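Computed from a prediction, not measured in an experiment: that's the story for all the values here. Order of listing sets the numbers, starting from 1, for every ligand and every atom in it.
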Amino acid sequence: MNSATFIGLAEALEQVRRTASKNEKVAVVAAYLRNLSPDDAALAARVASGRASERGSRDEAQVGYATLIEALREVTGATEDDVSSSYLKHGDLGEVAEELLAQKKEQPLFAEELSLRDIEEGFARLRSAKGKGAASTKRRIVKSFLLAATPLEGKYLVKALTGEMRTGLVTGLLEESIAAAYGLTKGEAARAHMVLGDVGAFAREAASGRAAVARIQPFRPANFMLAEPFASAREIAEHFGKTAYAEYKYDGVRAQVHRAGGEVRVYSRRLEDITASFPEIVASFKGPGPDFIIDGEAVPFAGGRPLPFQLLQRRLRRLEDLEEAVREAPVTYFAFDILLRGDKETVDYPLSERRGLLRDVVEGTSVRLAETTDVNSEGTVQSAFRRSRDLGYEGLVVKDPESTYAMGKRGSGWAKLKEELDTLDVVIVAAEYGHGKRAGVISDYTFAVRDGDGLKTVGKAYSGLSDKEIGEMTSRLREITVRDYGYRRQVRPEIVVEVAFDSIQRSDRHDSGYALRFPRIKRIRTDKGIGDIDDIGKVRQVYSGQKLKMEEG
Ligand code: AMP
């Protein structure tokens with residue numbers, strides 16, 4: 001089957017972007033997808049979701065702003081000023097590409113139309129550009145794309161490469177579109193999508209008529225189940241109203257471990273392959289045994305106690321000094337769930353049964369089961385919570401013994417309790433040089449939460465990081481600078497941090513209308529992406545919660 005044109009996809013996405021109607025967005029995408037081959041459908045769905053690679057693949061095709069801007073300037077002859085004034089106008093690099101490409105002097109005369117397969121091949125080449133010279137290889141690939149692209153194609157190419165699609169086609173709508181294109185029920189679509197993890201893989205299976213029988217498979221990370229936050233032991237006891245399992249809330253890196261055919265791989269919450277960072281986990285499952293997929297937390301741990309989470313950052317970031325990082329912060333994997341055992345999916349079994357299967361799988365290895373106690377009242381939750389804090393854990397995750405494993409959901413089957421409730425996960429959007437002893441480093445960060453498709457700023461933090469972290473932050477922020485105003489720089493929103501704060505006030509200093517009081521960075525969340533940050537709803541909720549408390553007081 002011939003591959004469809006890329007312009008067809010760009011036009012469909014442009015139509016989706018232009019309408020505010022959700023039904024129309026779904027209708028456009030469904031009609032578009034219906035005529036594609038399975039491989040084309042996979043790429044198209046992935047691009048529509050703002051990805052250039054399959055979730056869980058070891059390598060990324062995404063390209064940094066600096067490289068994209070450089071390639072754009074080379075192709076169009078635009079100056080630095082042209083780029084930044086266009087960016088100020090649109091706030092979107094894809095739209096910048098569209099504007100600049102329209103002014104490009106030489107338009108390709110008899111250029112061949114780009115096909116979806118061409119795009120996929122280009123993405124594959126971007127994924128394999130590594131090590132020395134990777135930056136210039138990537139620039140060359142992007143440049144050849146942009147030379148062949150029409151303005152509209154350039155726009156969506158750049159959007160796919162930055163991951164900033166902004167068409168309002170949220171995950172749920174894309175899922176609905178795929179269901180409508182291939183005649184799946186909502187339930188079948190949701191399940192196939194969850195099981196396959198990646199929207200492209202889901203579209204491919206749907207286009208081949210195999211989505212309804214999609215199964216969880218080793219080496220294809222499934223979406224993680226998440227816990228709902230609760231404010232007190234009393235609320236948790238009331239929520240369950242029966243005996244539940246209270247597990248320690250381990251403060252490490254959430255990780256899914258897959259084993260099949262003697263091979264072991266580890267995936268992060270963002271479904272990235274992080275096997276190389278955790279040689280201990282791989283080693284504990286060496287040798288023969290059944291295939292499985294288990295869920296748990298990799299925790300820096302020594303002498304029977306957890307070590308500070310920060311010690312893990314180093315091993316996640318760079319692998320050159322991995323051996324030293326492993327020595328500095330040995331990891332124990334605490335397993336708490338199982339999704340697959342042999343060729344049986346176990347996600348629909350009740351937790352009480354999954355526990356038994358999990359115990360069998362980890363028995364005799366250096367992996368440990370998450371510790372658990374039964375709780376059935378405010379008092380028992382409270383004392384389990386205190387014990388967890390005394391031992392150095394973050395709190396509790398309390399679980400319903402009858403609950404199934406709800407992939408990708410913040411299910412009510414899991415409830416989390418932390419002491420310091422008021423933290424927000426936010427993304428850094430701008431940064432400034434510090435003062436005094438921090439004059440040479442970028443140490444002041446303006447951050448934002450999500451508001452629909454966009455971002456709204458809620459505060460500025462000056463403290464919380466070590467000098468070393470600030471140093472590293474400085475070079476990362478330089479790399480992702482969109483516009484440099486000298487003392488201040490606007491950056492590509494991708495660094496997620498968890499901020500603690502004392503309270504939230506109404507304020508017109510930030511465009512959200514709210515400001516965090518005394519924000520401090522608790523940690524850099526390398527495990528989270530921009531899709532995981534909190535939204536303005538959570539800010540409003542905390543704000544009105546504290547108002548209530550004040551009124552009660
Ligand atoms: P938070 O990161 O504060 O949103 O809390 C949710 C996270 O707690 C999960 O994503 C897990 O990484 C982590 N966690 C730690 N211990 C457990 C546990 N026993 N069960 C489930 N999740 C846990």
Is the Lys NZ or Arg CZ of Arg506 less than 6.0 Å from the centre of Tyr514's six-membered ring, within 45° of the axis? yes
What does the list of residues with a heavy atom under 4.0 Å from ligand 1 look like, ordered by chain and number?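 Only Glu247, Tyr248, Lys249, Tyr250, Arg254, Arg269, Glu297, Phe336, Val397, Lys399, Trp414, Lys416, Lys418, Arg525 have heavy atoms that fall under 4.0 Å of ligand 1, ordered by chain and number.
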Side chains of Thr404 and Asp348: do they bring a donor and an acceptor to under 3.5 Å?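 Asp348 and Thr404 do not have a side-chain donor-acceptor pair below 3.5 Å.
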The side-chain hydrogen bond (donor to acceptor under 3.5 Å, both in side chains) partners of Arg191 (sequence neighbours excluded) come to Glu345
Taking only residues two or more places apart in sequence or in another chain, which ones pass side-chain hydrogen bond (donor to acceptor under 3.5 Å, both in side chains) with Tyr393?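 Here no residue qualifies.
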Can you list everything that forms a salt bridge (charged side-chain N to carboxylate O under 4.0 Å, His left out) with Glu238? Sequence neighbours excluded, please.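 Testing Glu238 for salt bridge (charged side-chain N to carboxylate O under 4.0 Å, His left out), a comparison that skips the adjacent residues, returns Arg234.
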On the 0 to 90° scale, with breaks at 30° and 60°, tag the His193-Phe202 ring pair as parallel, tilted or perpendicular. parallel
